[in-house]
Amino acid sequence: METEVQSNFTYMGRTFTNLSINGSSSAFSDCNSDISGEFPTASSQSRRLFLACASENSDELIEQLVSDLESSSIDEQKQAVIEIRLLAKNKPENRIKIARAGAIKPLISLISSTDPQLQENGVTAILNLSLCDENKELIAASGAIKPLVRALKVGTSTARENAACALLRLSQVEENKIAIGRSGAIPPLVNLLETGNFRGKKDASTALYSLCSVKENKVRAVQAGVMKPLVELMADFSSNMVDKSAFVVSELISVPEARPALVDEGGIPVLVEIVEVGSQRQKEIAVAILLQICEDSVAYRTMVAREGAIPPLVALSQSGTSRAKRKAEKLIDLLRQPRSGNAAATAVARTSGVPV
């Protein structure tokens, strides 16, 4: 008999209790430092050696590189931003040194460059610096959010992915979440979720999950059409995105706008299928979402029941995690209630536009 491992799953300071986790993977993995190629030029070997030998003289080197970021020579700028990016990537202690040397504002200027290579490396350097908690507030206060949002919209694929990661890091400071949302980050994150490669989709979903702990960002995400790509990713078990997309849906579903959007995109049959054939964690997330959309809507309960949800819910109530069992039992009780509803309540709900 398979042994169920009960665990608390914590992400961005929020804990999902009693999740059954097979192996050590989690639904989200934080964006870490960049994984792009290091030096594209013929002198890559000598530069790597230069950086490897720089540890003892890093303060002097960093000061010179920061000065070069503002050089009138674009080639010097390109070389400096790449080397700063790598110093911040490879040695955590350099992240504070680079920030204290005054690199953040010239790096932000490079993010707004029309040169794609300068912009990409500027974004990536800011991402690497943002891995240090001490730098997050300084980066945001220096005006990085709007240039990062622009790179998220118009940058190279790597710049877009790394901009999403940098915004995620900045959003870990709670007051930055509203500023990021109001700077227009949500629609391009939704676009990256829909059109990006696997890494882009992963980075976008993680950033959206963090940003959408704020109500106004939930509404922005729904208005930007986020439910369509989320439902498509939940439906594709080969995408390795079922957990991530379902967690984002679970974060959004608390706002009234999200429920009809989820239903309109075909979310109910997808969630019922997850309850039937998903992993233990996926089933738990799916049943929690279904319960939320059914609690105040007889119409949605009817749709869920017609999708054949009761048999897999009964199975889940007997063999799921403790939290999944409770949610499944409560949802089964709702689905088995008479569906005619109170006539007066139904009339009121219809006039307010709420599904009944």
| message | Would you say that L189 contacts L211 through its side chain, given a criterion of any heavy-atom pair below 4.5 Å between the two side chains? | response | yes
| message | Please determine whether residues V275 and V314 belong to a single hydrophobic cluster, defined as Ile, Leu, Val, Met, Phe, Trp and Tyr linked transitively by side-chain heavy-atom distances below 4.5 Å. | response | yes
| message | Treating S210 as the side-chain partner and A207 as the backbone partner, does any N or O pair qualify as donor plus acceptor under 3.5 Å? | response | no
| Test: R259 and E295 ion pair at under 4.0 Å | no
| task | Taking atom types as modelled, find out whether D333 and Q337 have a side-chain donor-acceptor pair closer than 3.5 angstrom. | result | no
| task | Show your working on side-chain contact (heavy atoms from CB on, under 4.5 Å) between F237 and I274 and close with a plain yes or no. | result | CA-CA 9 Å; F237 284 89; I274 292 172; 3.9 Å; yes
| Any side-chain heavy-atom pair from I293 and I268 closer than 4.5 angstrom? | yes
| query | Yes or no on side-chain contact (heavy atoms from CB on, under 4.5 Å) for Q117 and I82, after CA distance, side-chain angles and deciding distance? | reply | CA-CA 10 Å; Q117 186 182 1; I82 289 173; 3.8 Å; yes
| field | Carboxylate-amine/guanidinium proximity below 4.0 Å for R182 and E216 | value | yes
| task | Would you mind checking if E329 and K325 are paired as a salt bridge, meaning a charged N to carboxylate O distance below 4.0 Å? | result | no
| field | Expected output: side-chain S205 to main-chain K202 donor-acceptor under 3.5 Å | value | yes
| said: Between F247 and V226, is there shared hydrophobic-cluster membership here, with clusters defined by ILVMFWY side-chain heavy atoms closer than 4.5 Å? | reply: yes
| Quick check: does any side chain N or O of N121 sit under 3.5 Å from a backbone N or O of V81, one acting as donor and the other as acceptor? | no
| Only one of L313, L316, I310 clears side-chain contact (heavy atoms from CB on, under 4.5 Å) with L331; which? | L313
| said: Using the rule that Ile, Leu, Val, Met, Phe, Trp and Tyr join whenever any side-chain heavy atoms are under 4.5 Å apart, tell me whether L148 and I178 fall into a single cluster. | reply: no
| task | Keeping the roles fixed (side chain from Q119, backbone from S112), state whether a donor-acceptor pair exists under 3.5 Å. | result | no
| task | Check whether V219 and I186 end up in the same hydrophobic cluster, where Ile, Leu, Val, Met, Phe, Trp and Tyr are linked by side-chain heavy atoms less than 4.5 Å apart. | result | no
| said: I'd like to know if the side chain of D133 pairs up with that of Q172 as donor and acceptor (distance under 3.5 Å, no hydrogens or angles considered). | reply: no
| query | At their closest point, which heavy atom of A224 faces which heavy atom of P187, and how far apart are they? | reply | CB-CA, 4.0 Å
| N/O donor-acceptor pair under 3.5 Å between S183 side chain and A185 backbone | no
| Does a side chain donor of either R199 or N162 reach within less than 3.5 Å of an acceptor in the other side chain? | yes
| query | Can you find a pair of side-chain heavy atoms, one from I139 and one from R169, that are under 4.5 Å apart? | reply | no
| Cluster question for you: counting only ILVMFWY and a side-chain heavy-atom cut-off of under 4.5 Å, with indirect links fine, are L138 and I180 together? | yes
| task | Verify side chain to side chain donor-acceptor pair (under 3.5 Å) between Q79 and D75, making sure each step is shown before the conclusion. | result | CA-CA 6 Å; Q79 180 172 331; D75 289 335; over 6 Å; no
| task | Indicate yes or no: at least one non-hydrogen side-chain atom of I285 is less than 4.5 angstrom from one of I289. | result | yes
| said: Looking at D236 and E232, would you say the former's side chain and the latter's main chain have a donor-acceptor pair under 3.5 Å? | reply: no
| field | pair E307-E276: side-chain heavy atoms closer than 4.5 Å | value | no
| Who pairs with A101 by side-chain contact (heavy atoms from CB on, under 4.5 Å), at least two apart in sequence or on another chain? | I62, V66
| request: Verify side-chain contact (heavy atoms from CB on, under 4.5 Å) between Q77 and D115, making sure each step is shown before the conclusion. | output: CA-CA 11 Å; Q77 286 183 312; D115 183 286; over 6 Å; no
| message | Run the salt bridge (charged side-chain N to carboxylate O under 4.0 Å, His left out) test on K105 and E70 for me, step by step, so that the C-alpha distance in whole Å, both residues' side-chain angles and the decisive distance to 0.1 Å come before the verdict. | response | CA-CA 10 Å; K105 286 194 174 181; E70 299 181 283; over 6 Å; no
| message | Within the 4.5 Å heavy-atom criterion, are T124 and K89 side-chain neighbours or not? | response | no
| With a 4.0 Å cut-off, would you call K218 and E251 a salt bridge? | yes
| request: For the pair R95 (side chain) and A88 (backbone), establish whether a donor and an acceptor sit closer than 3.5 Å, ignoring hydrogens and angles. | output: yes
| request: For the pair N94 (side chain) and L87 (backbone), establish whether a donor and an acceptor sit closer than 3.5 Å, ignoring hydrogens and angles. | output: yes
| Can you list the steps and then say if V249 with L271 is a side-chain contact (heavy atoms from CB on, under 4.5 Å)? | CA-CA 11 Å; V249 172; L271 289 165; 5.6 Å; no
